[in-house]
Amino acid sequence: MTDLALIRNFSIIAHIDHGKSTLADRLIQYTGGLAEREMTAQVLDNMDIERERGITIKAQTVRLDYKGKDGKTYQLNLMDTPGHVDFAYEVSRSLAACEGALLVVDAAQGVEAQTLANVYQSIEHDHEIVPVINKIDLPAAEPEKVKDEIEEVIGIDASNAVLASAKAGIGIEEVLDAVVERIPAPGGDRNAPLKAMLVDSWYDPYLGVVILVRVIDGVIKKGLQVKFMAGGTEHLIDRVGCMRPKIEQLSELGPGEIGFITAQIKEVAQARVGDTITTVKGGASEALPGFKEVQPVVFCGLFPVDAADFEKLRDSIGKLRLNDASFSFEMETSAALGFGFRCGFLGLLHLEIIQERLSREYDLDLITTAPSVVYRLTMTDGSHMELHNPADMPDVVKIDTMEEPWIKATIYTPDEYLGSILKLCQDRRGIQTGLTYVGGRAQVNYELPLNEVVFDFYDRLKSISRGYASFDYEQIGLREGDLVKMNILVNNEPVDALSMIVHRSQAEARGRSLCERLKDLIPRHLFKIPIQAAIGAKVIARETIAAMRKDVTAKCYGGDITRKKKLLEKQKEGKKRMREYGNVQIPQEAFIAALRMGEE
Amino acid sequence: MPPLALYIHWPFCLAKCPYCDFNSHVRAKTDMAAWEAALLTDMAHEAALLPGRELTSIFFGGGTPSLMPPALVARLIEAAGRHWRLADSIEITLEANPSSVEAANFAALAGAGINRVSLGLQALDDQTLHFLGRLHDAAEGLAALDVAQRHFARVTFDLIYARPGHTPETWAAELERALALGTGHMSLYQLTIEPGTRFATLVREGKFTPLDDDAAADLFALTRERMTAAGLPAYEISNHARPGEESRHNLTYWRYGDYAGIGPGAHGRRLETATVRHRKPENYLRAVAEQGHGLVEQRALGRAEQASEALLMGLRLDEGVDVAALARRFGLPGTALIDPAKRAFHARGGLVHEDGTRLIVTEAGMPLLDALLAELVPADLVA
């Protein structure tokens, strides 16, 4: 084990493109974790999606050995944390495993919105924050101005910020020295009963479920019989180690250390983020604080474009679930979309990620239905039901009240965008609970119904603030609402995949906008097509797609048959990607685009 | 033995028209002797595979077959007569440019055996002819038509309409002038911007905008109405004739009869086989010299494939198709040819109607035929 005084646990906070991954790579390289030839760009972001989007989805750690100025060798554990509100809970657990953070700010761009929420979260965990001003070799770099900004906007001392260029390899040693000198060593008692926090877990095809842990007290070693306190399961530890970033097996992990364990666990679902691991015999009596049961908050249907892919989808979802316990799924049948799954996610980004992984890693074409939240219904007979899918909405006469989840949203924004953001929140039935200014920025607090947020709130917020506003939320429970089910009828047939639950006050606007959009997305047919939005039998919006007027090949003689037949084949191929409702073929793009409302 | 039609492609033009995507080539010199030899060899190859058939029509298409020496035309017709029995009523058509030079050959072409001429008039005013890149002017075109009408029993001409900015008024006036010319047949094509043509480039560059589909649909309806009233109803999407004056050769295509196609780029359908000849003139000549025919591709057609071809050709006709007869011909159930639910749905919508076992596309359905085919013809038949 390592002397507590020689351990430093830290994370890196940065806006996208400010150089987090490049800096992490440099630190690994500098301390000899990987040879030059082994460095693929951005070692820590493993998934293609992570690399492309510049986001981190799964927490990762790497252990670095660094000889400080005092001649002692330190164990540095660098924690790469997810950076999105959908994963706020995972982030909070990762941060809880550290004592400090590097705040990386681009020397030319200054502090940006995305950084704010994360840095505040880090401050909340009592972290020591070490500002690193990156890209100082850029001609446009203004490190002094950026220091002022950090002090003014974030309110931390930036006078001794480290100046660096991860790309050019400038200031790397200074960053490492600052970690050693300024970030506090962890505490912990080797002789106390074992308490280790389960930071994250993932499925490895060779090792089974790998669990990332931070040992608080006690020692964790191979052969130990442990208990997951919240999960209630017991396991025999068969492997203990750390990532450098390659796997290295160790004999034990002591207090203050971060590393991994394996215990022949088959499903990630058994290893819940935030759980406390202790020994079966003589274990801790009390769990670590902060554990939460992760509950999916956004639901949608996922259907294969080609009905024949259903089994493949089932198989792929099952495999993904092995590695991501935070989404749920159950089978669903739609009149138009056929067999698919109703899936629950932590948020919209999580939904997008799962959808993208299914289509990319498992080569599936999917149709996604409108995202929905979980409603709690009280029936007239006094019973309750949870509604995950608008299609399951019971007859309104049997419903006494409907409740919907609300959230508390915190938005940071440069004040020039404040007006539009307040309007957006107001339009989404928001209730303002606070407005404070921090430097040139405003912090706005709103209570909002979650169903208004899952719709396209985040996209709209980004677009009206040009990406400068940051958004964070937590759930604050259920509230009663005047909610109705809105059906969309195409050629007088209800399209189940497009039905949604909306607040009565929003129904007309939403219905009109959806009808208008479908009018543009559904191609003209051989007959005219009414598109209607309706609540029960009452039509609240209507559009008509005019009939096609002309589609005919003018010249077709002996030599043209082959060409004409190819055209027919192409038309038929195109129809395969459509769903038919009341003789109307709706392209799958229409489902996706209609549900992504964008401008209203 | 089913009758046979013969198509002969002459690939040369004096200039390439900006709307045309047919297999045409501009060459400074043509070795007529070499072409005669090649076309005769290619024809002999087809004849050997199709013995004992009666030839009901010959069609010289192009390109510009009116640029062929009449003597060459004569020798090709003679050769066809040696290979096959020529029907008494055989129709022998030649496509001609309406220029004075070519009109001078009309007497000789009639002498060679041509009994029907199809003139590429395309428009009746100089401005439009210039837009369409034609080498003749309106007066020259009308003069050529006059010569043609004196030498050939049957004359037809082409017009291109639904041009950029074309209005119902200007097109109606143009149609009246065309009808006054007194031919028994007219091909009236809506301008189509084909990929790879100069027009396609111009449209892409924004130099002009094609007429939109709604306006084109109005002109299509106007055309059918006016032509019917004048006694030359449409018997196919773009072809109008006084009853009995229909192109027998083209009807063979649309009724999915057998036809042999020779010459560069010519397609054929015979003996349940699709044939394609080399497109480029030089490659064609070399192929015939080396292999004794100009074929670049010969592919057996499956029953389903033939059925789908028969439908997409046959439904272009005013007479429609006899679904039961096609089903017998290809050994498939009628429901495999036409989706019964879609057929009923579009019959209710007034786009098709049924007459005994015939399925007929209505006036309202004709301008929508491509989309309608994609609905009616089941996917299994096409795949």
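Numbers restart at 1 for each chain; the letters A, B, ... are given by sequence-line order, proteins then strands. All values below were derived from every heavy atom in this structure, side-chain atoms included, with hydrogens, water molecules and symmetry-related copies excluded. Since the structure is predicted, the reported quantities are computational estimates derived from the model, not experimental observations.
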Heavy atoms only: give me the nearest B:Ile237-A:Thr553 pair and the separation to one decimal. CG2-O, 4.1 Å
Under a 4.5 Å heavy-atom cutoff, which of A:Glu569, A:Lys565, A:Gln585 has the most pairs with chain B? A:Lys565
Listed by number, the residues in residues 301-318 of chain B that come under 4.5 Å of chain A (heavy atom to heavy atom) are B:Leu301, B:Glu305, B:Ser308, B:Glu309, B:Leu312, B:Met313, B:Arg316
Who among B:Ala341, B:Ala379, B:Ala371 has the most heavy-atom pairs with chain A under 4.5 Å? B:Ala371
Side chains of A:Gln571 and B:Asp370, heavy atoms from C-beta outward: is any pair under 4.5 Å? yes
Measure distances from B:His9 to the heavy atoms of chain A and classify the residue's part below 4.5 Å as side chain, backbone, both or neither. neither
From B:Asp21 CG over to A:Asp560 CG, what is the distance, rounded to the nearest 0.5 angstrom? 8.0 Å
Heavy-atom pairs under 4.5 Å with chain A - which of B:Asn250, B:Val382, B:Asp213, B:Leu368 has more of them than the others? B:Leu368
Heavy-atom distances under 4.5 Å only: say whether B:Tyr259 touches chain A with side chain, backbone, both or neither. side chain
So CG of B:Asn239 and SG of A:Cys556: to nearest 0.5 Å the spacing works out to 11.0 Å
Looking at A:Ala554, is its backbone amide N or carbonyl O close enough to the side chain of B:Ser238 to form a donor-acceptor pair, meaning the two atoms are under 3.5 Å apart? yes
With a 4.5 angstrom heavy-atom cut-off, which part of B:Leu369 approaches chain A: side chain, backbone, both or neither? both
Ion pair A:Lys572/B:Asp380, N-O distance below 4.0 Å: no
For A:Glu508, look at atom CD and say whether over 12 heavy atoms of other residues, nucleotides or ligands are found less than 6.0 Å away. no
Side chain, backbone, both or neither: which part of B:Tyr256 has an atom under 4.5 Å from a heavy atom of chain A? side chain
Kindly state each residue pair satisfying ring pair (Phe, Tyr, Trp, His ring centres under 6.0 Å) with at least one member in residues 515-536 of chain A, sequence neighbours excluded. A:His525-A:Phe527, A:Phe527-B:Phe345
Heavy-atom distance under 4.5 Å to chain B: side chain of A:Lys575, backbone, both or neither? side chain
From CA spacing to verdict: side chain to side chain contact (heavy atoms under 4.5 Å, CB included), A:Leu526, B:His346: CA-CA 9 Å; A:Leu526 290 164; B:His346 291 297; 3.6 Å; yes
Minimum heavy-atom separation for A:Tyr557 to B:Ser187, with atom names? OH-OG, 4.5 Å
Checking heavy-atom separations under 4.5 Å from chain B, one finds in residues 533-551 of chain A A:Met548, A:Arg549, A:Lys550, A:Asp551
Only heavy atoms, only distances under 4.5 angstrom. Which residues in residues 188-196 of chain B are near chain A? B:Tyr189, B:Gln190, B:Thr192, B:Glu194
For the CD atom of B:Glu375 and the CG atom of A:Asn583, what is their distance to the nearest 0.5 Å? 7.0 Å
Among side-chain atoms of B:Arg269 and A:Thr562, is any donor-acceptor pair under 3.5 angstrom? yes
Measure distances from B:Arg299 to the heavy atoms of chain A and classify the residue's part below 4.5 Å as side chain, backbone, both or neither. side chain
